[in-house]
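Heads up: the structure comes next, in structure tokens.
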Amino acid sequence: MARKSDQTTHKLGKALNRKFFDRSVHEVAPELIGATLLVDGVGGMIVEVEAYHHTDPAAHSFNGETPRTRIMFGPAGFAYVYRIHQVYCVNAVCEAEGSASAVLIRALQPTFGLDEMRARRGVDDKRLLCSGPGRLCQALGIGLAHNGLALDRAPIEMFARTGVPDVLRGIRIGISKAVEYPWRYGVRGSKYLSKPFAKVA
DNA sequence: ATTCTGATAATCT
DNA sequence: GATTATCAGAATC
């Protein structure tokens with residue numbers, strides 16, 4: 001059921017390499033807004049992310065390395081995938097090896113492979129394809145098999161944004177610790193956010 | 001538009 | 001046995 005508007009693409013910047021991620025999460029997270037994430041050619045523009053720092057009680061890495069969080073303690077530029085309830089979430093590991101910081105990818109604006117995403121998700125509404133960390137993993141076919149994969153090698157591709165979008169900042173969602181840290185970023189007015197941002201003056 | 005509840009499984013204590 | 005960086009559907013404002 002792809003309509004013409006579904007096939008609209010956006011301009012892709014240069015491919016992101018590991019160097020891009022080897023900086024503070026607080027620099028990388030806002031710059032990922034407007035970038036593009038594809039897995040096997042399916043994906044879209046990132047419209048919402050959250051930063052998790054190793055000094056942050058809400059981060060999985062806060063209490064030290066465990067088998068699950070091993071990837072977060074490795075070098076930057078790799079995918080950390082974990083399961084929560086019945087879905088998966090993807091993160092981009094940032095900063096130097098051992099810093100255990102990552103950016104959670106929370107929502108995409110679907111642009112490539114709409115039909116495949118609809119088939120995997122079992123819904124038709126474009127707004128429900130990738131508007132949430134679990135939804136976008138299902139739409140792109142991401143699972144535990146992707147844990148530890150490099151973000152700059154097949155099947156994963158990431159591209160820089162070509163312009164600077166209007167980026168909003170706010171408090172993170174769905175966590176119970178360090179609730180007040182304003183480390184969520186998103187595109188102002190996007191229809192594809194997992195939740196609207198609270199109004200800010 | 002906001003709030004709630006149950007599903008369901010790996011991980012850690 | 002407790003916890004969880006979620007989702008969908010239902011109920012209520």
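All chains are named by letter (A, B, ...) in the order of the sequence lines, taking the proteins before the strands, and each is independently numbered beginning at 1.
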Look at all strands and tell whether [X] reaches a base, only sugar-phosphate, or nothing, counting heavy atoms closer than 4.0 Å.
{"X": "A/P196", "value": "nothing"}
{"X": "A/R135", "value": "sugar-phosphate"}
{"X": "A/N63", "value": "nothing"}
{"X": "A/E50", "value": "nothing"}

[X] side chain, from C-beta outward: closest of [options]:
{"X": "A/R106", "options": "B/dT11, C/dT6, C/dC7", "value": "C/dT6"}
{"X": "A/R68", "options": "C/dA5, B/dT8, B/dC12", "value": "B/dC12"}
{"X": "A/Y80", "options": "C/dA5, B/dC12, B/dT8", "value": "C/dA5"}
{"X": "A/R83", "options": "C/dA5, B/dA9, C/dT6", "value": "B/dA9"}
{"X": "A/H85", "options": "C/dC7, C/dT4, B/dC12", "value": "C/dT4"}
{"X": "A/Q86", "options": "C/dT4, B/dT11, B/dT8", "value": "B/dT8"}

For [X] and [N], give me the distance from atom [atom1] to atom [atom2], rounded to whole Å.
{"X": "A/I175", "N": "C/dT3", "atom1": "CD1", "atom2": "P", "answer": "17 Å"}
{"X": "A/I142", "N": "C/dT6", "atom1": "CD1", "atom2": "P", "answer": "15 Å"}
{"X": "A/R172", "N": "C/dT6", "atom1": "CZ", "atom2": "P", "answer": "11 Å"}
{"X": "A/M72", "N": "B/dT11", "atom1": "CE", "atom2": "P", "answer": "15 Å"}
{"X": "A/F62", "N": "B/dT11", "atom1": "CZ", "atom2": "P", "answer": "22 Å"}
{"X": "A/N147", "N": "C/dA5", "atom1": "CG", "atom2": "C1'", "answer": "15 Å"}
{"X": "A/K177", "N": "C/dT3", "atom1": "NZ", "atom2": "P", "answer": "10 Å"}
{"X": "A/E65", "N": "B/dT11", "atom1": "CD", "atom2": "P", "answer": "14 Å"}

Please round to the nearest 0.5 Å and tell me the distance separating atom [atom1] of [X] and atom [atom2] of [Y].
{"X": "A/I46", "Y": "A/I33", "atom1": "CD1", "atom2": "CD1", "answer": "7.0 Å"}
{"X": "A/D22", "Y": "A/E97", "atom1": "CG", "atom2": "CD", "answer": "10.0 Å"}
{"X": "A/E50", "Y": "A/I171", "atom1": "CD", "atom2": "CD1", "answer": "9.5 Å"}

Is there a donor N/O on one and an acceptor N/O on the other, under 3.5 Å, for the side chain of A/Y82 and the base of B/dA10?
-> no

Under 4.0 Å between a side-chain N/O of A/R184 and OP1 or OP2 of C/dA5, yes or no?
-> no

For A/S176 and C/dT4, is the shortest distance between a side-chain N/O and OP1 or OP2 below 4.0 Å?
-> yes

Are A/R70 and A/F73 in a cation-pi setup, meaning NZ or CZ lies under 6.0 angstrom from the ring centre and within 45 degrees of the ring axis?
-> no

Tell me whether the guanidinium CZ or amine NZ of A/R83 lies under 6.0 angstrom from the six-membered ring centre of A/Y88 and within 45° of its axis.
-> yes

Could you check which nucleotide pairs with B/dC12 in any of the strands shown, counting Watson-Crick or G-U wobble with both distances under 3.5 Å?
-> C/dG1

Nucleotide paired to B/dT2 in any strand shown, Watson-Crick or G-U, under 3.5 Å | C/dA11

Upstream residue (5' side of DNA chain C) when A/V90 and A/R121 are each assigned their closest nucleotide = A/V90

Measure up the A/H26 and A/W183 rings against each other and bin them: parallel (under 30°), tilted (30 to 60°), perpendicular (over 60°).
-> tilted

